[in-house]
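Step one of this worksheet: look at the structure below.
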Amino acid sequence: MKGLPEERAAELGRYIVENRATVRGAAKKFGVSKSTVHKDVSERLKRLNPTLYQEVKKVLEQNKNERHIRGGQATKYKYEEMHQRESGGAETGEKEPA
């Protein structure tokens with residue numbers, strides 16, 4: 001979604017609040033860059049709709065406070081997947097003969 005920056009800022013703000021979305025998630029959903037999302041919700045939205053801006057700010061602050069947890073979970077899943085691939089995906093955890 002390209003469109004008018006003001007309309008996009010409002011839509012991004014509503015999406016973030018309704019879905020508790022991250023900047024990265026909103027960028028992917030709307031087909032814009034993370035920089036664009038950040039500029040829209042931190043600058044444009046602040047001027048256009050201060051109430052929505054405050055709600056978005058709370059969600060993004062919560063996301064920021066939880067990012068270390070999400071990063072740890074992502075790393076855990078990455079190594080679990082690697083381990084499963086290395087073991088041939090066998091449920092018993094035994095490697096298949098070469």
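No experiment lies behind these values; they were computed from the predicted model shown.
- Residues Lys64 and Glu61 form a side-chain contact, since some pair of their non-hydrogen atoms from C-beta on lies under 4.5 Å apart.
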Can Arg14 and Val56 be said to form a side-chain contact (heavy atoms from CB on, under 4.5 Å), step by step? CA-CA 8 Å; Arg14 284 191 296 273; Val56 169; over 6 Å; no

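- Shortest non-hydrogen contact noted between Ala10 and Leu52 is O-CD2, 3.8 Å.
- Rounding to the nearest 0.5 Å gives a distance of 10.0 Å between NZ of Lys28 and OG1 of Thr22.
- For the atom pair CG of Leu4 and CD of Glu11, the computed distance is 10.5 Å after rounding to the nearest 0.5 Å.
- Glu86 CD to Glu81 CD: the interatomic distance, rounded to the nearest 0.5 Å, is 12.0 Å.
- Closest heavy-atom contact between Ala21 and Tyr15: CB-CE2, 3.6 Å.
- At a threshold of 4.5 Å between non-hydrogen side-chain atoms, the residues Leu12 and Arg8 count as touching.
- Under a 3.5 Å cut-off, the side chain of Ser42 and the backbone N or O of His38 do form a donor-acceptor pair.
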Applying side-chain contact (heavy atoms from CB on, under 4.5 Å), run through Gln54 and Lys57 and close with a yes or a no. CA-CA 5 Å; Gln54 288 299 323; Lys57 188 176 171 184; 4.2 Å; yes

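- The two atoms that bring Val59 and Val17 nearest to each other are CG2-CA, 4.2 Å, heavy atoms only.
- In this structure, Tyr53 and Val41 approach most closely via the heavy-atom pair CD1-O, 3.2 Å.
- When all heavy atoms of Arg47 and Pro50 are compared, the pair lying nearest together is O-CD, 4.4 Å.
- Within the 4.5 Å cutoff, no side-chain heavy atoms of Glu55 are placed close to those of Ile16.
- One distance of note links NZ of Lys58 with CG of Asn63; it measures 14.5 Å at 0.5 Å rounding.
- Heavy-atom minimum distance, Val23 versus Lys34: CG1-O, 3.6 Å.
- Put simply, Phe30 and Leu60 are part of the same group of oily side chains (I, L, V, M, F, W, Y) that touch within less than 4.5 Å, one to the next.
- Proximity of Glu80 to Lys76: side-chain heavy atoms (C-beta onward) are separated by under 4.5 Å at one or more points.
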